[in-house]
Every structure is written in structure tokens, then in C-alpha cells.
There are 2 protein chains.
Amino acid sequence: MNIKDVARVAGFSIATVSRAFRAPEKVNVHTRAQIERVAKQLGYIANSSAQVLRTRRSRVLGVVLPTLLNPVFAECLDGIARAAHASGYSIVPVTTDYQVTSEERTVQTFIAANVDGVLLVVSNPADSLALRLLKSKQIPYVLAYNLHQDHPCVTVDSEAAVADVVGQLADCGHRHIAMVSGHLAQSDRAQQRYRGYLKAMRQLGLQHRDLIEVPFMATSVAQISVQLARSDRPTALFCSNDLLAIRSVRAANDSGLRVPDDLSVVGFDGIELGMDLTPRLTTIQQPNREMGRVCVRLLADSLARGLLPGPEHTQILDYSLRVGESATITDAHMPTPSRRTK
Amino acid sequence: MNIKDVARVAGFSIATVSRAFRAPEKVNVHTRAQIERVAKQLGYIANSSAQVLRTRRSRVLGVVLPTLLNPVFAECLDGIARAAHASGYSIVPVTTDYQVTSEERTVQTFIAANVDGVLLVVSNPADSLALRLLKSKQIPYVLAYNLHQDHPCVTVDSEAAVADVVGQLADCGHRHIAMVSGHLAQSDRAQQRYRGYLKAMRQLGLQHRDLIEVPFMATSVAQISVQLARSDRPTALFCSNDLLAIRSVRAANDSGLRVPDDLSVVGFDGIELGMDLTPRLTTIQQPNREMGRVCVRLLADSLARGLLPGPEHTQILDYSLRVGESATITDAHMPTPSRRTK
DNA sequence: CTGTTAGCGCTTTCAA
DNA sequence: TTGAAAGCGCTAACAG
């Protein structure tokens with residue numbers, strides 16, 4: 001079942017059949033109707049491999065994400081999917097599980113498949129082979145969540161956001177504020193957020209604490225509990241992401257600490273689920289869907305104009321503090337984000 | 001940059017270059033080394049559109065899921081991704097948002113892209129155009145979570161699972177057990193689970209309650225709260241999935257009810273997150289990753305043998321009761337699943 | 001072990 | 001408005 005069959009049955013050449021679908025206005029109305037009828041009757045579906053091979057355009061955007069087990073990326077992907085669909089693009093999401101080699105392999109596959117553009121969340125944009133490859137092949141790409149001067153990025157000012165929220169915790173009387181993070185080397189976001197924590201503590205004249213690094217998902221609750229059992233335990237925990245914040249709350253409960261009375265817990269990401277928990281998660285709200293949308297828009301615009309997005313297209317979006325019940329922060333008068341580009 | 005360039009630079013014919021990658025043993029060792037060197041140096045990446053067009057095989061499996069915002073599908077996808085990778089397949093996950101038309105559109109795209117097989121979670125296998133299309137085009141496919149006699153399915157016996165857990169609630173003294181579900185028409189799982197609920201209530205001689213149907217995610221907490229405010233409120237809630245169970249717990253808190261003391265809440269799915277919540281979610285644990293794995297294995301086996309999976313390949317996997325803290329169920333002596341196929 | 005060549009299904013000039 | 005034909009990049013006979 002291919003274009004030839006349709007042509008034969010409809011009584012026209014394959015060129016006309018092709019045109020009937022790709023440039024209907026160039027075909028006689030009756031001819032078109034006839035061809036459409038036959039195509040439908042035969043259940044004809046154009047072979048996209050052939051189309052892509054011939055036209056060198058796929059109308060596909062590749063999407064590289066660390067994982068979909070963290071809802072923050074699922075929400076972002078939702079935004080990507082909707083925006084892509086609205087712009088007439090398909091997407092191919094692939095998860096890397098924070099493996100750099102997987103990022104590279106995926107980008108290779110994307111190039112082989114002639115994707116029109118790529119949207120990525122990488123571990124470390126600074127020395128990413130995947131990005132180098134994309135650049136060398138002149139394929140439009142945009143980073144989400146990452147931030148680096150050499151690449152087009154769509155993200156929030158994480159460092160400022162963390163500094164802000166740590167400041168708020170201090171305002172509420174907290175002096176012993178610790179930070180919980182996944183493996184720092186695995187993500188530049190974690191690093192940015194850690195920098196924000198250190199900066200804020202320094203500015204506040206508070207003694208920062210050793211980072212509570214919990215690389216292995218499965219055991220993180222236990223690992224956090226250990227820290228909470230110490231005599232010099234912190235009174236507030238800033239967590240590098242909401243999933244860790246959820247686990248921290250659990251760890252507090254396991255340790256006989258009440259949240260937020262005995263321990264304040266603040267997350268980062270603003271996953272929707274956090275609002276349905278008890279206590280409702282206090283967190284830095286990123287515009288996750290919007291970030292996806294903006295990335296797609298950037299890519300689609302570039303594609304339409306035939307140019308590559310560069311660092312000059314970087315967009316820093318607004319974040320906000322979502323005040324829940326997991327921390328003794330009472331009001332949402334968050335300082336204005338320090339940087340903002342539109 | 002294509003095979004021709006590599007051939008020219010390496011000083012061999014394109015046929016030899018092709019063979020060097022696809023059938024290395026048929027090429028002289030030195031020739032191969034030379035070709036590999038040149039290919040690497042030029043950054044050659046074979047054009048998969050051309051390969052697929054020529055060979056009619058893509059080593060790609062299409063994956064149709066309702067949403068990735070529900071972690072149950074993200075976990076399943078994780079299993080799919082790992083199994084596919086292990087079998088040398090790529091996957092292309094697409095979400096339908098429970099839209100039947102989107103299922104059909106997606107399957108068409110998959111067919112156009114020459115996927116080797118398709119793995120789906122559909123709304124209603126009984127009259128699915130998407131499945132009909134797949135069948136008519138002779139494309140191997142397997143359903144996950146769905147259950148229907150005409151199709152190859154990998155799932156658990158939801159009906160029995162629900163009946164079991166409702167029975168346990170009754171054993172613990174509950175007489176007023178209500179069920180919370182998303183829009184029933186949107187998923188045959190919800191329907192199976194509802195049947196299980198009704199069956200169990202009937203067998204227990206208990207009066208079943210009107211289904212608490214909360215079609216719109218955003219407002220579900222409020223909708224559930226309304227039901228909990230009634231004077232004849234239930235003492236136990238069986239929720240069609242874990243996300244609803246989480247929201248039910250929140251609704252209970254909002255209503256001044258303590259879980260599980262005043263209200264028992266049981267979920268379905270066994271998402272990992274549930275174990276990190278307070279109270280830990282009591283839920284029916286499905287082998288989500290395993291289901292993904294089994295689906296891929298089924299597909300890969302069929303592909304290897306050149307035959308289509310049929311209803312006879314259906315596998316009903318084991319579920320279990322995960323006893324958390326959200327319900328007054330004290331022990332895990334769950335009856336053996338009523339049906340089981342291996 | 002290597003090269004020649006036909007052709008996968010489609011789009012797109014170009015000519016009629 | 002339609003058709004003939006070249007060719008996208010690759011694979012797989014087949015011949016040597």
C-alpha cells in the first residue's frame with residue numbers, strides 16, 4: 001500500500017497524488033476528491049521515512065530529559081507536547097537517567113533520524129559532547145533548566161531563587177538551615193542551587209552546613225533521617241527538588257519531628273502534586289509547562305526563519321515562592337527576581 | 001555527509017562501507033578499520049530514514065500512554081525503556097491525554113514511521129479504531145493495563161484485586177465503603193475496578209454507595225471534600241488510582257478527618273511515591289515496570305519469530321497489597337490472586 | 001572480499 | 001492541471 005497503488009486505482013500519476021496531499025490547491029478539485037476517496041478507501045498512509053529522506057525535513061523535535069519519574073520533567077514535557085502539537089511538530093522524548101553517555105547516544109539517534117530540532121535538559125552544558133555534536137551538525141537546539149553562556153537556555157534564576165527563600169527562612173528566625181541535594185555532579189541545577197544556598201548563608205552571616213547529598217533515591221529517606229537524628233540538627237531544610245522535600249518530610253516524621261513546627265522543609269520545582277500533600281509543600285515554583293512552551297516556540301521560530309538559536313536567545317523566566325504548610329514562612333512577599341530577560 | 005563521502009575518502013565502494021557497519025564480519029579487517037576511522041573522523045551518522053525506507057524495519061517500538069503526569073505510567077515507561085534498550089529497540093512514547101482521537105492519530109503516525117511494533121494503554125480496547133488499524137496493517141501490538149479477550153494484554157486482575165481489598169476493609173469493620181474514580185468512560189481500568197467494588201460489596205452484603213466520580217483533576221480535592229462533609233459519609237474510601245488516593249487524604253485533612261482513624265483511604269497502582277508520603281499509602285501494588293518489560297519481551301519475541309501477538313499471549317501478572325498507614329488494614333495476608341497465567 | 005546496480009516511497013523540478 | 005523522471009541515502013542481491 002503506497003502512493004503507487006493510490007495513483008493506479010485513482011487513475012492519476014503518483015505526482016498528482018503527492019500533490020493532492022502536499023499542495024492540494026495545485027490540483028483540480030475533482031481530481032483531489034477522487035484521490036482522497038481512493039486513499040481513504042485503501043487506508044493509505046504516506047511513508048514518512050520516504051518523505052523525510054526526500055525532503056530532509058521531519059517536523060520532529062527530539063526531547064532529551066533526565067527522567068520522567070520526577071514529575072517536574074513530566075510537567076515540562078506536557079508543555080512541550082502541547083506547544084509542539086500546536087506548531088505542527090511531533091516530539092520524541094527520550095530519558096537519559098542522568099547518564100551523559102546516554103545524552104550523546106540519544107542525540108546521535110536524533111541526528112540519524114533527521115529531527116528538525118532538539119530540546120534538552122543535560123547534566124552539564126559546560127562540556128557536553130551532545131551539545132557539541134548538535135552544534136557541529138548545525139541542528140537547532142535549546143536547553144531547558146540548564147544555564148550556560150554558550151547556549152540558548154530557558155530557565156529561571158535558580159541561584160537567586162534559592163537565596164531568596166533561604167533569606168525568608170532566616171527572616172522567620174531560622175539559624176540552622178541545611179541543604180539536601182541529589183548527587184551534585186549529576187546536574188548543574190543542583191550546583192546552581194547549592195551556590196545560591198551558600199551565597200545566602202554567607203550574606204546572612206549564618207554558618208552553612210555540610211550538604212546532605214543523597215545520591216541513591218531508594219535510601220534517601222533513611223539518609224536524611226540520620227542527619228535529623230544529630231544533636232545539632234537543622235531547624236530548616238532546603239531541598240534541591242520537590243521529590244527530596246517529600247522524602248525529607250517523611251524523614252522528619254520518621255524521626256518524630258513535626259513539620260513545620262520542629263522542622264521547616266522547602267522544596268524546589270513546584271510540582272503540582274505538592275499542593276495535594278499534607279503538609280502542602282512550600283516550594284519555589286518554576287513555570288515548568290511554560291518553559292517547555294517557550295523552548296518549542298524558540299525552536300519553531302528558528303526553524304521558520306532558517307537560523308540557529310544561540311546564547312542570545314536565552315530566556316530567564318520568573319519563579320515565585322509557593323507558600324504551603326511545610327515551612328514556617330507565612331507570607332508570599334517574595335523579592336522580585338534579581339534578573340529577568342524577556 | 002553521507003555514505004558516499006565515507007566511501008570516497010576511505011577509498012572503497014559504498015557497498016563496502018555499508019557492510020562494514022551492518023555485517024562487519026564480511027569485510028576485511030583492515031578495510032573495516034580504515035572505514036571506521038574515516039567514518040569517525042568525518043562524524044558520519046547513518047541516515048535512518050534511508051535505512052528504514054530500504055529495509056522496512058526500524059527497530060522502533062511505538063508506545064501509546066494516556067499521560068505521564070500520573071507516575072504509574074512513568075514507572076511503566078521506565079520498565080519499557082529499559083527492556084527495549086536491552087533488546088536493541090528504541091521507543092517513541094506518545095501521550096494521548098485519554099483522547100481516543102489522539103490514540104488513532106498516534107497509531108497512524110507510528111504506521112507512517114514504520115515502527116516494528118506498538119505497545120498501548122488505550123481508553124477502551126473493545127471498540128478502538130487504533131487497534132483495528134494496527135490489526136489491519138498487521139503490526140504487532142500489545143496492550144498494557146487494558147484487558148480484552150480479542151487482544152494480547154499484559155495486566156493484573158484488577159477486578160479481583162479490588163474485591164480483595166474491599167473485603168479486607170470489611171474485615172476490619174468497615175461498612176460504609178465508597179469508591180472514588182476519575183471519569184469512568186475514559187478508561188476500562190476504572191470500569192474494571194468499579195465492577196470489582198460492586199461485586200465485593202454485593203458479596204459482603206454491604207450497601208454500595210454512589211461512585212464518587214471526579215472527572216476534573218484540578219477540582220477533585222474539593223469534590224471529594226463535599227462527599228466527606230455529608231452526615232452519612234463513608235468510613236473508607238477505595239480510590240481507583242493512587243493520585244486520587246493522595247487527593248482523598250488531602251480532602252480528609254481539609255474536612256478535619258484524620259486518616260486512617262476517621263477515614264481509611266486505599267489506592268490502586270502502587271506508585272513508588274506513595275511509600276514516601278505520610279501517611280504511607282495503602283494501595284494495590286501493580287508490577288508497573290514488570291508490565292512494561294513483559295510487553296516489550298512479547299513484542300520482541302514476536303518480531304524475532306515473525307508472528308503477531310494475539311489474545312492467546314495475554315498475561316495476567318500478580319498484584320499484591322501494599323500495606324501503608326492510610327487505612328486500617330493491619331496485615332498483608334492478601335488472598336492469592338484468583339487468576340494467574342504465566 | 002569488494003563493486004555494480006536496482007530500487008525502497010516519495011517530492012519536485014521541468015515540460016507538456 | 002497533469003505526468004515523466006531524477007534522486008534523497010541506503011541495503012542487498014548478484015557478479016566478479
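Order of the sequence lines fixes the chain letters, A, B, ..., with proteins taken first and strands second; residue numbering starts at 1 for each chain.
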### From CA spacing to verdict: side-chain hydrogen bond (donor to acceptor under 3.5 Å, both in side chains), H151(B), Y141(B)
CA-CA 9 Å; H151(B) 306 283; Y141(B) 69 89; 2.7 Å; yes

### Task
Verify side-chain hydrogen bond (donor to acceptor under 3.5 Å, both in side chains) between S49(B) and N114(A), making sure each step is shown before the conclusion.
CA-CA 8 Å; S49(B) 300; N114(A) 303 288; 3.0 Å; yes

### Task
Please test Q108(A) against R105(A) for side-chain hydrogen bond (donor to acceptor under 3.5 Å, both in side chains), starting from the C-alpha separation and ending with a verdict.
CA-CA 5 Å; Q108(A) 274 198 260; R105(A) 196 168 7 93; over 6 Å; no

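Taking atom CZ of residue R57(B) and atom P of nucleotide dC10(D), one finds them 18 Å apart after rounding to whole Å. In this structure, CD1 of I3(A) is placed 12 Å from P of dG3(D), rounded to the nearest angstrom. R8(A) places its CZ atom 15 Å from the P atom of dG3(D), with the value rounded to the nearest Å.
Sorted by residue number, the members of residues 18-39 of chain B with any non-hydrogen atom under 4.0 Å from DNA chain D read S18(B), R19(B), R22(B).
Between its two ends, the helix from dC1(C)-dG16(D) to dA16(C)-dT1(D) turns its axis by 30°, counting five pairs per end and rounding to 10 degrees.
Interface limits on DNA chain C: the 5'-most and 3'-most nucleotides within less than 4.0 Å of chain A heavy atoms are dG9(C) to dT13(C).
Checked by atom type and distance alone, the side chain of S48(B) never pairs as donor or acceptor with a backbone atom of Q51(B) at under 3.5 Å.
Side-chain contact between S123(B) and E103(B): present, with at least one pair of heavy atoms (C-beta onward) separated by less than 4.5 Å. Counting heavy atoms from C-beta on, the side chains of R32(B) and T16(B) never come closer than 4.5 Å. Counting heavy atoms from C-beta outward, L77(B) and L65(B) have side chains that approach closer than 4.5 Å. Counting heavy atoms from C-beta on, the side chains of I91(A) and V60(A) never come closer than 4.5 Å. Residues V92(B) and V115(B) form no side-chain contact, since every pair of their non-hydrogen atoms from C-beta on lies 4.5 Å or further apart.
The T16(A) side chain lies nearest to dG3(D) when the options are dG3(D), dC10(D), dA12(D).
Of the charged side-chain nitrogens involved, at least one lies within less than 4.0 Å of a carboxylate oxygen, so that R82(B) and D78(B) count as a salt-bridged pair.
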